[in-house]
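Residue numbers start from 1 in every chain, and the chains themselves are labelled A, B, ... in the order their sequence lines are given, proteins ahead of strands. All values reported here derive from a predicted model rather than from experimental measurement.
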Amino acid sequence: MAQNRDSILVVGSGVAGLSASMSLARQGYNCILVEKAGSLGGHAAGYTCKAINGKCQKCGACLVDDLLARFGDFPEIQVFLETRIDRIERKKKGFTASLNGKYGLKDINCGAILLATGFKPFDPNEKSNLCFSSIPNMITAVELEAMLRDKELPYRPSDGRQPETIAFVQCVGSRDPKRGHPYCSQVCCGYALRMAGRLRDLAPKTKITFFFMDIQTFGRSFSQRWASLQQDFIWINEIPGDYFVSDGDRVGVSVEVEDEIVDLSFDMMVLSVGMTPTDDQLTYQQMLDLSMSSEGFMLPDEDRGVFVVGSASGPMSIEKSITDAAGSATRVIAYMEGAR
Amino acid sequence: MNLRTIDKRVMVLGDGETAVRLSKALNTSGLDSYLLWAGGTPPEGIPEGIAVELSARLVALQGQVGDFTATILSSDQFIRKLAGSVMVAFESRTEPVFDVATAPMHEGVATLEDAEAILRGERQISGDVKTVVFLDRLDGASTPASSERQFNAILSFLDRGIKCYAIGCQMKVASRNLELLYGRARDGGCVFFKNDFLSISFTQGRPLIRFEDLILHEEKEICADMVILAENFMPGASLPELREILGVETDKAGFMQADNVLRLPLQTNRRGVFVVGPSRAPVTRWDLDQEIPAAVSQVKELFAWAESFPYEEVISFDIDACARCLTCFRSCPHGAIHFTNRPNFLALACQQCGICTAFCPNEAIELRDMEKDRIKGLIANERKGSDSAPVVVFACEKSGARILNSIPSEDTLLRRIRWIQLPCGGTLRTQYLLDAIGNASEIPERVMVLACHEDNCRSGMGTIKARATVERVKSFLDSVGWNQTKIEFISTASNEAERIRKLLAAS
């Protein structure tokens, strides 16, 4: 299938990078896939299934396994694991990228670059009022994903016990223009409510509270399910300001209920952290002379052969990353055909 | 390589912007597109080279990817067209979010569509409008697609110096740049209220809205010149009939893609039939901008796959055993069986789920490498192994088998189980479960079927069928008083290894 064409460099092997490189390969283009981690799959490879009582909740986490299973059909995609890009040089035609990693140093030529470098989960230490590092039983939703995937049930980091009361705090690091995150991360309501549903299914006695601003619609059947979700959990339309250790190992918060400040405490607290740009973003922006979007993510320079796909371009669900990857493949091919 | 001959023309069905943009994108990328246009006048901006059939309606579609034959009713004439792929790209309908808009419509109440017509200059506002209230759904279940329209309208009204209020329950901002659009409306002077209940009355011809602001807990009263109702996106009017003609799944609301992540991004249960934009789901501008080029990639990938698909039969069919009962035709989830005086299996449409083989009452159909004798052999051989296992598992290749494959071979758990991989839970025949118990030198403690979670089955109904088969065998064994073997159906996904390990270890 491989024709006499320049290769396309795909950086990052999460949902977007895998989808894009396979789409390009199926359309007859050579791809070089560079991944800084030791395995393919990105963040979603560590997420849990959120099915409840034998019914899929459409989180899409298992699609990564599907993508990886199909990836085996594309031996022509060159993969560089544990590899970073030191330098990218623009040529008269295309680019030369200097790879540095597991397989040593290597310069590769390519006709276009797809940055599928993904996102960084918001680091709660950036918000000092959360006191994240001093409250042992406060975890991020990403940690909960891994906990449920690896151990099936939630446990408290302090003593390994199963929590009976859990609070989710929404919009941590999202919808927060003051800290440079002036966007909704789009995925947090979906993952938090799906995981909460799963927790209730696995341990029906667990009491779950949500602190929230607005619950964002997710999935096709939200309007039918929203009414019952309101019954299943306790809803507090406020994001607490103060967080502290309570009763030795519980997580306490202060909230205003009907003009009075009330302290509430929970066995465990889950922060629904948003999506933020990766630490590498600045490097790529400088290497390729890219600007930043009004949401703070990378903007592509498609006329000059640089494409940004998936959550590297802004918060995006697994579902949207798959669509975006397929769409980007068409634009990359149009560019490659024009550049020939 | 001997390539198949694939018709690469794409038939686009539509009635608006999505279909026009899609046809153009296909054309630009080098594919011939053919636009089946619902309206009587040709759409604007269609370049030469794209054939357009006016007042056209699809009435039948036969064949498979690369070789579809469409029967079309066009201006009272039946015509036939050939195409390699079909893309459904109708616009959605809109419906105001409150029934206050139904008859008799008060002149002070407009829908978002009316408001957009006013902004485009196609309709006049009666009287002097200084204050406008935008009403969103109050049940908290609006969509980003509908709030995007609302925010844009608010910004246009603010630009004209009109005072704007917006009342909604949960503002939806979960799409690219939508929070910024919301911020611009707010900073531009629109006052947003959060509320889940209100009353509208009319005083001296003007709408008066009373409600409680849920953030400040205050009673509010706004007297406006005009109330503008947000709108829900509904499936286009032609979709209910079209889905019957095409034999494709819909979601609960009637949009033409099942609520199944395996159909992403734009696929249906019928290979080669795609669904794009507002026919698929309520979409924002950004979504549509991605979906149109994605459709181009999807169809080109599919054509490339079809071209290199080998000329081998994937189904073996025993014509002497066939009773022409049509069960296979009716049970195939992928439109892969064309019935003449016998079933014909369309190789490129078949997704090899094996559901037809399990439904066929005479066992006249077999999937290659999944013939009943082979499965029986597998069951018997596994059972005759030197350390015969107390647990027999049938596992779908997409979920259960992926988990079992990921268990390291030195794991002692594997010594207790014997497993048979199926292409889909739907392949499971009643007989296999009985064989697993009866054809054994030693009776197993457990027979488990590990198939996908409901709504996460590639063939839609495969896992539901597997569950039903297990239930049937269970009740049969109950009725004969057999209690030595526990038969279980367990639904799972490839990322549930820990859960399945625990279940297996519990025996």
Side-chain angles (χ1 to χ4, degrees), chain A residues 1 23 26-28 47-49 51 54-56 58-66 69 149-152 175 177 182-187 189 214-224 226-227 237 258 294-295 314-316 318-320 322-331 333-334, chain B residues 25 28-29 139-144 169-180 183 194 214 217 251-253 255 259-262 264-266 281 287 289-298 300-301 304-305 308 398-399 402 452-456 491-496 498-499 502:
Chain A
M1 202 82 177
S23 173
R26 280 197 202 99
Q27 296 179 67
Y47 294 165
T48 178
C49 173
K55 278 208 160 189
C56 173
K58 291 92 185 184
C59 74
C62 61
L63 292 177
V64 184
D65 297 282
D66 264 22
R149 179 166 176 140
D150 299 339
K151 302 279 180 235
E152 202 199 351
R175 309 191 69 181
Y183 50 79
C184 162
S185 289
Q186 302 185 27
V187 296
C189 287
D214 300 305
I215 291 301
Q216 297 297 318
T217 295
F218 59 90
R220 287 173 182 267
S221 54
F222 181 83
S223 58
Q224 293 116 34
W226 176 229
N237 197 350
E258 289 172 5
S294 39
E295 294 180 333
M316 207 182 281
I318 291 172
E319 169 179 350
K320 290 197 177 172
I322 287 175
T323 315
D324 189 32
S328 300
T330 298
R331 292 198 291 269
I333 289 172
Chain B
T28 309
S29 77
D139 63 354
S142 172
T143 59
C169 179
Q170 309 205 62
M171 284 299 158
K172 302 301 174 181
V173 289
S175 187
R176 178 65 54 89
N177 290 330
L178 212 50
E179 179 88 50
L180 297 171
K194 186 166 188 163
L214 290 183
H217 304 289
D251 69 5
K252 282 201 183 94
F255 288 99
D259 194 1
N260 181 336
V261 293
L262 296 164
L264 293 173
L266 308 169
D287 293 331
D289 288 348
Q290 315 312 309
E291 287 190 19
I292 285 171
V296 174
S297 270
Q298 288 263 290
K300 285 169 87 177
E301 287 174 43
W305 169 85
S308 58
K398 199 183 111 338
S399 50
R402 275 196 198 144
C452 300
H453 291 303
E454 199 178 320
D455 284 353
N456 193 19
S491 77
T492 186
S494 51
N495 50 2
E496 286 193 303
E498 184 56 27
R499 183 177 146 245
K502 279 186 192 161

Spell out, as yes or no, whether a donor-acceptor pair under 3.5 Å connects the side chain of [X] to the backbone of [Y].
{"X": "A/Glu295", "Y": "A/Gly314", "value": "no"}
{"X": "A/Gln186", "Y": "A/Pro315", "value": "yes"}
{"X": "B/Lys172", "Y": "B/Ala141", "value": "no"}
{"X": "B/Glu291", "Y": "A/Thr323", "value": "no"}
{"X": "B/Lys300", "Y": "A/Ser23", "value": "no"}

Atom group of [X] that falls short of 4.5 Å from chain B, counting heavy atoms:
{"X": "A/Phe218", "result": "neither"}
{"X": "A/Ile215", "result": "both"}
{"X": "A/Arg149", "result": "both"}
{"X": "A/Asp65", "result": "both"}

Taking every non-hydrogen pair under 4.5 Å, which of [options] racks up the most with chain A?
{"options": "B/Ile292, B/Asp289, B/Asp287", "result": "B/Asp287"}
{"options": "B/Gln298, B/His217, B/Arg402", "result": "B/Arg402"}
{"options": "B/Gly140, B/Gly183, B/Ala295", "result": "B/Gly140"}
{"options": "B/Thr143, B/Leu180, B/Thr492, B/Leu178", "result": "B/Leu180"}
{"options": "B/Asp455, B/Val261, B/Leu264, B/Asp259", "result": "B/Asp259"}
{"options": "B/His453, B/Glu301, B/Glu496", "result": "B/Glu301"}

**Asked** What residues form a side-chain contact (heavy atoms from CB on, under 4.5 Å) with A/Asn237, not counting sequence neighbours?
**Response**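 Result, side-chain contact (heavy atoms from CB on, under 4.5 Å) vs A/Asn237: A/Phe212, B/Lys194.
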**Prompt:** Quick one: salt bridge (Lys or Arg N to Asp or Glu O under 4.0 Å) partners of B/Lys398, sequence neighbours excluded?
**Reply:**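 Residues passing salt bridge (Lys or Arg N to Asp or Glu O under 4.0 Å) with B/Lys398: none at all.
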Under 4.5 Å from any heavy atom of chain A - which part of [X]:
{"X": "B/Asp139", "value": "backbone"}
{"X": "B/Arg499", "value": "both"}
{"X": "B/Ser142", "value": "backbone"}
{"X": "B/Asn177", "value": "both"}
{"X": "B/Cys452", "value": "neither"}
{"X": "B/Ser491", "value": "side chain"}
{"X": "B/Lys252", "value": "side chain"}

**Prompt:** What residue in A/Ser221, A/Cys49, A/Ser223 has the most heavy-atom pairs under 4.5 Å with chain B?
**Reply:**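 Greatest number of close heavy-atom pairs with chain B: A/Cys49.
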**Complete:** Looking only at A/Pro182, A/Pro177, A/Gly219, most heavy-atom pairs under 4.5 Å shared with chain B are made by A/Pro182
**Request:** Report yes if the side chains of A/Gln216 and A/Arg175 come closer than 4.5 Å at any heavy-atom pair, otherwise no.
**Result:**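 The answer is yes; the side chains approach within 4.5 Å.
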**Message:** Less than 4.5 Å apart, side chain to side chain, heavy atoms only: is that true for B/Asn456 and B/Leu262?
**Reply:**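 Side chain of B/Asn456 against side chain of B/Leu262, heavy atoms only: contact under 4.5 Å found.
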**Asked** Shortest non-hydrogen contact from B/Ser399 to B/Ala493?
**Response**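 Closest heavy-atom pair between B/Ser399 and B/Ala493: CB-CA, 3.9 Å.
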